[in-house]
Structure formats: structure tokens, C-alpha cells
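We name chains A, B, ... by the order of the sequence lines, and we start the count at 1 in each one.
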Amino acid sequence: MDNNIQERNSQVIGETEDMNEVLKVRRQKLRELQQNGKDPFKIVKYDVTSSSKEIIDNFEAMEGRHVSVAGRIITKRGMGKASFCHIQDRDGRIQLYVRIDAVGQEAYEDFKKYDLGDIVGAKGEVFKTHMGEISVKVNEITLLAKSLRPLPEKWHGLRDTDLRYRQRYLDLIVNPDVKNTFITRSRIIKEIRKFLDDRGFLEVETPLLNTIPGGANARPFITHHNTLDMDLYLRIAPELYLKRLIVGGLEKVYEIGRMFRNEGISVKHNPEFSMMEIYEAYTDYKGMMELAETLISTVAQNVLGTMKIMYQGQEIDLTPPWTRMTMAESVKKYTGVDFGLIKDVEEAKKIATSKGVEVPPGLTVGEIMYLMFETFVEENLIQPTFIYDYPIEISPLTKKKPDRPELTERFEIFIYGREMGNAYSELNDPIDQRERFIKQVQKREAGDEEANMMDEDFLTALEYGMPPTGGLGIGIDRLVMLLTDQYSIRDVLLFPTMKPRD
RNA sequence: ACGCCAUUAGCUCAGCCGGUAGAGCACCUGACUCUUAAUCAGGGUGUCCGGGGUUCGAGUCCCCGAUGGCGUACCA
């Protein structure tokens, strides 16, 4: 960058009028190093033999051995001709003991000028101090990067959520729990892949740029392709592509990836989020229930070592089998209203209204039941529960129940009152699917921006024949929240969507 | 989108009834060869989120705006 060159050439590197003392001092220190031919930024590599954790975990074997370590200085205690500091590397912290008689006078004078936040490499001998802390007695220390900004406070860390999300790197440096959450997130996803790969599923990738966004009811983001001179949508779900792959004979596929929904932001919603969808030919939603409970409980066992987890102070037992309830049963259980006995919309509306639910005009019996479910049931579903047999009106891609055409073979997973997953026996009848799309298009024309668009290419695929298939979608972020005991989705996303500051 | 709350030093925070801004850590100077929130002596480094207004006087009161958190709505 031109600016950089200008700054380097200027009298004081990158220094501006409004800079505070700390910033000025650090730039001054860097300039002195550069003038003395000790520019840390000219160093391109440093050979590291051991991490902090390796040394601490294997002290018996490592004691007296010569090691090379590297990391960021996060504490520093000088006592004249000897000093202690801790450096932090990828998996922990280790103390360095730096003595003038071990590193030499010049190196020690340089070391005294190192700041918290600087990146150093050190070579020395593993030992234990009089106070019993495993440390490295340093005989050579090298500055590998100068930190020009002070770190947040060592004792309280970085609390300001705004800064934590915007400057996640600082959050990761000073709040160790945050790092652990993201390490756990990575392990969860790895275990999911292992689970599915071991069962013969093929991981695939389908387009993020869609000409027709489908597979969910949500408002999409719109973008533009210049050469084609056409608008494209960011995907809201991979469903319709994955089913095309089932038509194509791949039979067992899954995709883990980012979805984009142009909706509100909350403690449970981010505009871009990760979802997994799984499709398996020749099975149905009951098969998906078994797969879902086995998958989630196995991942918990392998990552956390238990199926009984704590979430927000509440014990949640993920051990299969999970409770299974139809939506009608659940509504009856929590409200006393038996939708099996309700004959028409008027009656449903009257009952819902008597329970204090405001019913918008134009709803069907099924939609009113779903409204009752959302209002009175969801929040009670703390332990893992499958709610199944959803009204057809809200399930445009799902097979009807053979004996109850107003219901579909669909379930959702609820844990801690939150929707964690969604699955169904996939609709493979192209004639029925076309009718459902037409209904969705009518809703859309009536102003429902979240209703599906007609997807002729998808219908063509179905017309070639799709086997009976079970499909399952699981929100990765919400699963990670559950398994890492995080209240907000922003705490499981490294860089949650934020408005820019002015 | 609406409501409530927050925003003061690099970070974590205090600041009363409106009287001209403070602590700890960090930082600077000095001492100190086993410290670990090192210690000891000295030093305050600030667009009080921004813009208006009321007032002799605003970090403090009023209005508008920004960002964030929470709640509601939205989100199968």
C-alpha cells in the first residue's frame, strides 16, 4: 500500500497527531529496532519444536531438554537482571525465564523493551521454578513481530460485546473460553462428517448462486452477475439441488454449508448461517428420526464425552430414543385442545381466540393448529423431542400421510424450546409437487415474500423419477450453541454480521 | 421495524443535587537475578459516542442521530 511506504519514509512510522502515548512509544521502539538492523518484520520463519501444551503435558520426559517455542507475550515481570514472561501459543501458555547471564547483555536490553502483545520465539531448557511452574530457561530470544497496539486488560479481558465481535482476534487472544468454543465448533463439524462418511454418505457441494431460491420459506439476498447481466439469489437452502442428486442416483448425500436469509438478526438468527442437509433414498421420515438422534447424541458423546449436557443451567439428556409426539398430540397436551375433533376453520378460530391467540384472517385449520403449537407448545420442549405430522399448508415439499392428506410426513427437532432440525419424507410425486408450487406462487402473488417460486427445472428432475427419500436439515450453529452452552448465535460465529461503525 | 438499557483513558469501570473528570490494569522514568494480578518510588496519557438545545456553567438535564445489548415482531 502506498500509504505504508509513505509512513515508513516519514520521520515517525505511522505516527499521527492524535495518537496516544502508548501507540507513539511502540512505533518509536519499532523504528529503533529497524535503525539497528533488527527489524522483526524481516524475519520470515522460526523453527518451533514444541508447543506450550506438549511441554507441560510431558514434563517428565521434557525436563532438561532443549526446546524452541514461540508465541505472543501476554504477561511480563522484570526484576532487574532477570525476568519472567508468559507467552501464549495455539494451545496454551508457558512461562519463560530470561536471565541476563543466559541471553547476553544486548539481547537482555532488547528484551526489556518488549511489550505485551509482541510475538517472540525462544530457545532454552525445560525446567520447573522454585514455585513449581513448568517453564523454559531461555538462552536465546527473538522478536518475531512487534505489536503496535496495547492488548486489552489481562485481568478482565475484553468484555464489550461490540468490540469482541468486531475485533474477534482480540477476543481470541484474551478470552481463552472463546477460543475453546471455536475449537469445539470445529470438532463438532468434523465428527458430523465422520459419522456420515462412515455410513456411506457422500459429501457434495451445490450452488450458492441460485436463479430460483428454493427449499425454504425465506426472503433471499439478491446479487448481480455482470457478464450475464442478470440478478442471482444467494441460496436459502440446498434442498432442491440435493434432491436432484437423489434423482441422479447418488442415493446418500449431504452438504454442510452457508445459507443466506434476508431476515431479522437476533440471538438465534444471523443473516448467514451454517446448515447441514442429508438425503437418503429408500427411507422415510421415521428413518430420519433415528438418524438424527443417533447423529446428535454420537457427536455429543465423541466431542464432550457425554450425552447428558448442561445448557444455560439446565440438564439436557441427548440419549436416544427421544420423545416422539405428533403436533396434534403436543397441542392437546399443552392446551387441552384436540384438533382431531375440529371440523372447520370457524371452530378452530373460535377455540384459538378463546385461548387468547390472535388469528389473522385467511388461515386454514392446519395453520391455526401450527399457530397454537408455536404459542403454547414450543417453549415447553426442553428435552429433545420430535414433533411430527405437520399440516400440509406449511410443508410444500413434503409427502402427504397416505391416510391423512391434510398432514405431511414431516418432523422438527426441538431442544430447549428451540428448533434444531427439520426433516421429512420427501415429496417425489411431480404432479403433486407442481400443485404445491402453484399454491406457493399464489401466496407469493398475494404478497407473501417468503413463499416458494415455481422451479420448473426441479419439477423436470422429479418427472424422471425420484425414489422415496428421507431428508433431514440440522442448523449447525444452533447445534454448536447447544453443545458449547452459548446463549447467542453470535458467540458461535467468529464474525457475526455487524453494521459498520460510522 | 418497535420498546428498554448502555456508550467516560488502550482495557475494566466509578463519577452523588448541574460547578470544569477519577481508580485499577496497561504505558513512561528509576530500583530489583525464581516472579506469576511480582514488588517499591515517581508520572494521568481524555473528541466523557456524535450533533443541537436549556443554563452563568452540561459527562450529568432535554431533543435528534450512531453503534451495541436485551425484549417483542419477523424468522417453516
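Among the protein residues, A/Gly421 comes within range of no part of the nucleic acid, since none of its heavy atoms lies under 4.0 Å from any strand. Nucleic acid contact class of A/Arg418 (heavy atoms, under 4.0 Å, all strands): none. Backbone-only engagement by A/Lys29 is indicated by non-hydrogen atom pairs under 4.0 Å involving sugar-phosphate atoms exclusively.
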* Test side-chain contact (heavy atoms from CB on, under 4.5 Å) on A/Ile415 and A/Tyr311 and set out the steps. => CA-CA 10 Å; A/Ile415 303 177; A/Tyr311 186 74; over 6 Å; no
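Put simply, A/Arg149 has no side-chain N or O that comes within less than 4.0 Å of OP1 or OP2 on B/C11. Put simply, A/Tyr487 has a side-chain N or O that comes within less than 4.0 Å of OP1 or OP2 on B/G71. Within the structure, a side-chain polar atom (N or O) of A/Arg77 is placed less than 4.0 Å from OP1 or OP2 of B/A38. Here A/Lys499 does not reach the OP1 or OP2 of B/A66: none of its side-chain N or O atoms lies under 4.0 Å away. Of the side-chain N and O atoms in A/Lys268, none sit less than 4.0 angstrom from OP1 or OP2 of B/G71. The phosphate of B/A31 has neither OP1 nor OP2 within less than 4.0 Å of any side-chain N or O from A/Lys112. A close approach under 4.0 Å does not occur between any side-chain nitrogen or oxygen of A/Arg159 and OP1 or OP2 of B/A6.
The distance between atom CZ of A/Phe84 and atom P of B/U36, rounded to the nearest whole Å, is 9 Å.
Syn is the glycosidic conformation of B/C17, whose angle stays within 90° of 0.
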What N/O pairs connect the protein and nucleotides 7-10 of chain B at under 3.5 Å? Give each pair on its own line.
residue	atom	partner	partner atom	Å
B/G10	OP1	A/Asn20	ND2	3.1

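Each of A/Gly157 and A/Asp115 was matched to the nucleotide of RNA chain B holding its nearest heavy atom; the match closer to the 5' end belongs to A/Gly157.
Taking the six-membered ring where the residue is Trp, the centroids of A/Phe414 and A/Phe373 are separated by under 6.0 Å.
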